[in-house]
Amino acid sequence: MIDSTKIKEQEEYIEYLAGHDYLTNLPNRHYFMERLNQALKNNEAGAVILFDIDNFKSINDTLGHVYGDQLLKAIALQLKPLQTEKVLIARFGGDEFLILCRGTEDLSEISDFAKKIRRQLHGGVMIDGVESYFNISMGITCFPKDSSNLNQLIMNADTAMYKIKRSGKNNMVFFHEDMNLEMKEKLNTENILRDAIKNDGFKLLYQPQVESATGEIIGFEALLRLKNHPIRPDVFIGVAEETGLIVEIGRWVLKEAVGQLKAWDQKGFKHKSVAVNFSIKQLRDTGYIDYLKQLLFEANLDPALIEVEITESILLENNEETFLFLNELKKSGFRIALDDFGTGYASFNYLTYIPVDKVKLDKSINDKFLKHENSDVIESLITLVHSLKLEITAEGIESWDKFEKLRFSKCDYIQGYLFSRPVEADEIEKIYEANMIDLIRKSEASE
Ligand code: C2E
Ligand code: MG
Ligand code: MG
């Protein structure tokens, strides 16, 4: 009697072990898959939610594996109250957790539940009496809507979670079919970028910036291209930012741009500035300024020949860090331009306390406000920027009449197809000292 009870208990225990995770005591992957399979076989509707902890690797590396384990346990404990007959919470492995919700495919209901999980963890957990905070990235897929295949569902959730990871983490998203294609394209672009870094696959084009009062070229914007692929810069720059490759690429741009300045200097051309674009993700590159300083020092050129174009988005995040970075740039003698002005959220208030020299009015703003007879808005904008003792460049100017209006409104500089598209350095040399207004007039007269 006693023996058979004991054996039965042991058997049950072994079964429990087979279906549970030793660390967190949550159901494990095997158990989860069985349950999901059951639900699919019964033609139930539901959702699979996959999440993991942002930067878990660095938590493990800096605070130790014991701490990492404690964190996983604490998360499991925190989530247990959400477990119901319809909700199964499992540990998938590593720092990944899987949640099975059965009985509904209603997006808002599932979304509410997912948010509840996030809230439950958002307040942090206690480890050794100390509150510890972390973020999670979450992907959600629904069945049978997205798929009725077990493995496909897990892959979907993973794809959605990966998308969140790449777009800045700490969020959640529902799987969508387009994600697979998007992901493929991004991975493809990422490989192209990696290859370009290794095999000299980038080049810079230069677009003249023309002083509107005189027609003289005062400098150039360096714009990055892939030598062997027609992928648009805003597309591959986006991937470079998501993958962190922008740091290495950004340094290549600096080296190439300074090299070009030096080449023009040696050919006896008059000094003109080159503007390089700086992405918010490059704030991570803490050696950026020193590297740039070193390049100019070695080339024996004035730092003022380099203008760093930042965008408004940089002002929204990491305010303290950004402020220090910009001041350091300024202190080192570089010039700073605020790019794409008018497209984001930057207020004039920013302009009063960040050390910019120049504002670049975005093409969309110019298109919108130079369309009609009346260009009062642009004129006021220019006056306002001038009253802050800053210079202003209008970007994306393609027509003579827009240029005329801007010149009349005292816009300092013009950059746009009207004068030149971005072109190779040797093309630039042909117009380097030309008067662009005369050049346009002549070419129009000859047409
Ligand atoms: P951006 O910095 O605002 O650069 C201006 C963009 O407007 C360039 O596009 C330029 O070719 C385009 N453009 C100039 N004049 C005209 C015009 O008259 N009409 C029209 N339709 N477009 C005009 P591009 O070269 O495709 O670059 C797109 C964006 O990619 C850049 O916008 C910049 O944000 C980013 N980018 C380019 N090179 C780099 C780089 O080296 N580093 C980083 N971080 N970003 C870069
Ligand atoms: Mg720019
Ligand atoms: Mg711009």
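Everything quoted here is computed from the prediction, not taken from an experiment. One-based numbering, in listed order, for ligands and for the atoms of each.
At least one N/O/S atom of Glu221, from backbone or side chain, sits under 2.8 Å from the Mg ion (ligand 2). The Mg ion (ligand 2) has an N, O or S atom of Asn277 inside 2.8 Å of it.
Take the N/O/S atoms of Glu309: the one nearest the Mg ion (ligand 2) is OE1. Closest N/O/S atom of Asp339 to the Mg ion (ligand 2): OD2.
Contact of the Cys101 side chain with the Phe113 side chain is registered, since non-hydrogen atoms from C-beta on lie closer than 4.5 Å.
Here Asp362 has no heavy atoms under 4.0 Å from ligand 1, in either its backbone or its side chain. At a heavy-atom cutoff of 4.0 Å, ligand 1 is contacted by the side chain of Pro422 but not by its backbone. Of the heavy atoms in Arg225, only side-chain atoms (C-beta onward) come closer than 4.0 Å to ligand 1.
Taking 4.0 Å as the cut-off, Glu221 counts as a neighbour of ligand 1 on heavy-atom distance. The closest approach between Gln282 and ligand 1 falls below 4.0 Å for a heavy atom of the residue. In this structure, Lys360 has no heavy atom closer than 4.0 Å to ligand 1. Judged by the shortest distance from any of its heavy atoms, Glu398 lies inside the 4.0 Å radius around the atoms of ligand 1.
In this structure, Arg251 forms no cation-pi arrangement with Tyr288, as its terminal cationic atom is not both closer than 6.0 Å to the ring centre and no more than 45° off the ring axis.
There is no protein heavy atom closer than 4.0 angstrom to atom 9 (O) of ligand 1.
Nearest-heavy-atom check against atom 41 (O) of ligand 1 across Leu205, Leu224, Leu418, Ile397 picks out Leu224. Ranked by closest heavy atom to atom 4 (O) of ligand 1, the top entry among Asp367, Leu223, Ile414, Thr343 is Leu223.
Where the criterion is an N or O separation shorter than 3.5 Å, residue side chain and backbone included, Glu241 fails it with respect to ligand 1. Considering backbone and side-chain N/O atoms, Gln207 comes within less than 3.5 Å of an N/O atom of ligand 1.
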